[in-house]
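Letters A, B, ... mirror the listed sequences (proteins, then strands); counts begin at 1. Predicted model only: the values in this text are computed from it and were never measured.
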2 protein chains.
Amino acid sequence: MDRATDMSDTDELLSIRAAELYYEENQTQDEIGVILRLTRWKVGRLLASAKANGFIRIEIVHPRARRLPIERRLRESTGLTDAIVVSSAGVSSEVELQSRTAQAAADFLTSLRPIPRTLGISWGRTLHDVSLHLKQGWAPGVNVVQINGGVSLHQRTGTAASTAVTIAHKADGSATLLPSPAVFERLETKQAMEADRAVAGVLDLARNAQAYLFSAGQADANSALVDSGFLTVEQIDDLVSRGAVGDVVGRYIDANGRIVDPELNERTVGIQIDQLRRAPLTIAVISGNDKHAIARAVVRNGLCTVLVTDEDTANALLQEKDTL
Amino acid sequence: MDRATDMSDTDELLSIRAAELYYEENQTQDEIGVILRLTRWKVGRLLASAKANGFIRIEIVHPRARRLPIERRLRESTGLTDAIVVSSAGVSSEVELQSRTAQAAADFLTSLRPIPRTLGISWGRTLHDVSLHLKQGWAPGVNVVQINGGVSLHQRTGTAASTAVTIAHKADGSATLLPSPAVFERLETKQAMEADRAVAGVLDLARNAQAYLFSAGQADANSALVDSGFLTVEQIDDLVSRGAVGDVVGRYIDANGRIVDPELNERTVGIQIDQLRRAPLTIAVISGNDKHAIARAVVRNGLCTVLVTDEDTANALLQEKDTL
DNA sequence: GGGATTTTTGCTCATGTGAGCGAATATCGG
DNA sequence: CCGATATTCGCTCACATGAGCAAAAATCCC
């Protein structure tokens, strides 16, 4: 990697001295010229070269700070409609970064125009976070529909349902829950469930939502599907060995966006992956160092049109593009 | 600690959005005004408040970068004639930071006016580093005089002498070495040594140097005096238990700048601490996290008029001043 | 060494930006 | 509810700064 600008050694040193006086001491280029015995134009050029060589680092340190240049590069290289990248400047923990990402997703939802009448959502820690960051009255009435099953087997039933209810409540809208486990053990049970008028109606609503909001899980033992008891660690290991990188709306996909285990997929309740591919507005919220692989799979295979993520994940995505 | 400027929550968020467009996307305040539906004056004010609240962090990332505001605060709060503080932005190791400090000391020496005809120096890793960073021809002839004994007992004799010789050589000047151990075991031997015409002459020269350049060592087992075999770890432990924080020109002092062990001090060859206190130009080069205590002792007790150090050490010094 | 080419320099000019100041607006206390 | 006070706003003006350009200097190459 070469220097942006060729510079003599003494000029480089001078540019640093000038930068110190300019940025730290708020001196004018004129004044700096007097101090360093240079014309003010020379000082201007030195400062420009210091910037060009990357010696001047400007960071916006704030929980709501985004990285617009990275967002732009992501949009350009992936064809995403929109990309929201939160800055990791000054974060001390992964949790904090995920909170920032959730906040950004909430901000994005709030500023979304036109406001979707029906919003399909998945569930999980990330979306729950988003729901908490939304402000009361963020939208004037939205019907929130669950797009995949989530009634937990041994946890309190709250998690999944409360996310939908909270988002809807804060929008002065209504929530339509999908009263079903994420995965059935037997295909027949699942089919029977789907045949039920009420459930079928919810699924129909889910399939016709104007917008989707979902997260994704890394394929490992910490998955929400394991936590909730729908899958065992052994099952996950098996999926991983068959190429799974993570799950989207409860369905495990590989790096190419393909369903890893069609039989398992059949037993999973909710909209299909292809539904996301065809939808005009699908917002994925993915943050954390262990989610780079699944984020890549989601973005590369057109599963979302909008990605809300953190700086590190975004950079990882861009990195791959470069080395293609 | 309060906010610099009171700001409503929405204004704070706007100031971040404005900052992103201004600093990351190089938009003009006018253009930002159009995007955010604000007047350009409002944008200017938002940017100003973002700065005032510390959301904008500007760092100069370069091995030669200094921290002028810290230097100024150090000068003001300690009465130092000059303070050179190197930035720790982007350093990955303590060694790198010490190298930066040594470079800064070399830079300071090079730009020193008037050029001292005789320069008294101590020895050690730090000063050796400084000698290596000096450029050939940094000064037109300087007589470099060793101000404390340093002929090692069991290492190759090089270390101490080579520092002096290198500094002198690069200035097209001459080096006057003090051919003596740092510490004698018996007072009589030391006195006999000092009585020798040659040695007495060197000491006389040392006492009359126009400027002094020295470093300082933390009082612990890694001390150069232990390395060189002049003191044992047990002796250091004893000194520490009696309040020693470190050594300057081979002499151990406590936080108040007092000699900790007068008897040991008597057996130590070189100029006295008081000589430094009286000299008009004494340059101390001290860097590293374990040298905060000795740096404090040196500065607080007027042992140097110029301090060359790193950002962290400087901040530690300022911290204490605040809590006085 | 000297002419050609590139780089650097000093400058004009147009634009961007912060200080300062009334006018408008919001906030508060009675 | 209304007058008093504080805050914010829009604007003028002066200054700081980057773009662009011709002259000067340095470098290259025969």
Side-chain angles (χ1 to χ4, degrees), chain A residues 1-62 64-66 68-69 72 135-137, chain B residues 1-62 64-65 68-69 72 135 137:
Chain A
M1 201 157 42
D2 245 10
R3 284 261 163 80
T5 313
D6 247 13
M7 244 205 297
S8 75
D9 212 43
T10 54
D11 265 18
E12 181 170 317
L13 190 51
L14 271 177
S15 78
I16 297 302
R17 295 285 153 259
E20 288 160 0
L21 293 164
Y22 192 72
Y23 291 105
E24 302 206 315
E25 299 284 71
N26 297 313
Q27 303 249 31
T28 164
Q29 298 187 4
D30 248 335
E31 296 171 314
I32 298 171
V34 173
I35 295 171
L36 301 180
R37 293 161 210 280
L38 302 166
T39 63
R40 73 186 170 83
W41 297 286
K42 177 76 179 173
V43 174
R45 282 185 245 263
L46 286 171
L47 288 172
S49 69
K51 255 193 190 163
N53 285 359
F55 299 151
I56 313 298
R57 182 156 72 204
I58 302 185
E59 260 182 353
I60 304 170
V61 187
H62 192 279
R64 305 288 266 273
R66 284 162 50 186
L68 303 189
R72 182 154 29 79
K135 268 179 52 186
Q136 186 63 43
Chain B
M1 201 157 41
D2 247 11
R3 284 262 162 78
T5 312
D6 248 13
M7 243 206 295
S8 76
D9 212 43
T10 55
D11 264 18
E12 182 170 316
L13 189 50
L14 272 176
S15 78
I16 297 303
R17 296 285 152 260
E20 287 160 1
L21 294 164
Y22 191 73
Y23 291 106
E24 301 206 315
E25 299 284 71
N26 296 312
Q27 303 250 32
T28 164
Q29 299 187 4
D30 250 335
E31 297 170 313
I32 297 171
V34 173
I35 294 172
L36 301 180
R37 294 162 208 282
L38 301 166
T39 63
R40 72 182 169 80
W41 296 286
K42 177 74 177 173
V43 174
R45 281 184 244 263
L46 285 172
L47 288 172
S49 70
K51 254 192 190 165
N53 284 2
F55 299 151
I56 313 297
R57 182 157 70 204
I58 302 185
E59 259 183 353
I60 303 170
V61 186
H62 192 280
R64 306 286 268 271
L68 303 190
R72 182 155 29 80
K135 269 178 51 188

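Contact between the side-chain N/O atoms of K42(A) and the OP1/OP2 oxygens of dT9(C) is found at a separation under 4.0 Å. In this structure, Y22(A) does not reach the dA16(D) phosphate: none of its side-chain N or O atoms is under 4.0 Å from OP1 or OP2.
Scored by the side-chain hydrogen bond (donor to acceptor under 3.5 Å, both in side chains) test, Q29(B) finds no partners at all (sequence neighbours excluded). Listed by chain and number, the residues in a side-chain contact (heavy atoms from CB on, under 4.5 Å) with R72(A) are P69(A), R75(A), E76(A), E25(B) (sequence neighbours excluded). Under the rule for a side-chain hydrogen bond (donor to acceptor under 3.5 Å, both in side chains), the partners of E24(B) that lie at least two apart in sequence or sit in another chain are R67(A). The side-chain hydrogen bond (donor to acceptor under 3.5 Å, both in side chains) check on R57(A) picks up E59(B), with sequence neighbours excluded. Under the salt bridge (Lys or Arg N to Asp or Glu O under 4.0 Å) criterion, E31(B) pairs with no residue at all, not counting sequence neighbours. Residues meeting the salt bridge (Lys or Arg N to Asp or Glu O under 4.0 Å) test with R64(A), sequence neighbours left out: D107(A).
With rounding to whole Å, L46(A) atom CG is found 14 Å from dG18(D) atom C1'. When the P atom of dG16(C) is taken as reference, atom CG of L21(B) falls 16 Å away, rounded to whole Å. One atom, CG of D11(A), and another, P of dT8(C), lie 8 Å apart when rounded to the nearest Å. Atom-to-atom, CG of L38(A) to C1' of dG10(C) comes out at 13 Å; the value is rounded to the nearest Å.
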Name each donor-acceptor pair under 3.5 Å that joins a side chain in residues 34-43 of chain A to protein atoms two or more places apart or in another chain, with its distance.
from	atom 1	to	atom 2	distance (Å)
T39(A)	OG1	K42(A)	N	3.2
K42(A)	NZ	D11(A)	OD2	3.1

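Here the closest heavy-atom approach between residue I56(B) and residue A19(B) is recorded as CD1-CB, 3.6 Å.
For DNA chain D, the residues of residues 25-36 of chain A within the heavy-atom distance limit of 4.0 Å (strictly under) are T28(A), Q29(A), sorted by number.
The structure places CD1 of I58(A) at 10.0 Å from CD1 of I60(B), a figure rounded to the nearest 0.5 Å. Note: N26(B) CG to L21(B) CG = 10.5 Å, rounded to the nearest 0.5 Å.
Axis angle across the helix from dG1(C)-dC30(D) to dG30(C)-dC1(D), with five pairs used at each end and values rounded to 10°: 40°.
The listed nucleotides are dT12(D), dA19(D), dC21(C); the one nearest the side chain of W41(A) is dA19(D).
Applying the side-chain hydrogen bond (donor to acceptor under 3.5 Å, both in side chains) test to residues at least two apart or on different chains, the pairs with a partner in residues 14-23 of chain B are R17(B)-E20(B).
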Which protein N or O atoms sit under 3.5 Å from an N or O of nucleotides 23-28 of chain C?
none

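Remark on DNA chain D: of its neighbouring residues R45(A) and R40(A), the 5'-side contact belongs to R40(A), judged by nearest-heavy-atom nucleotide.
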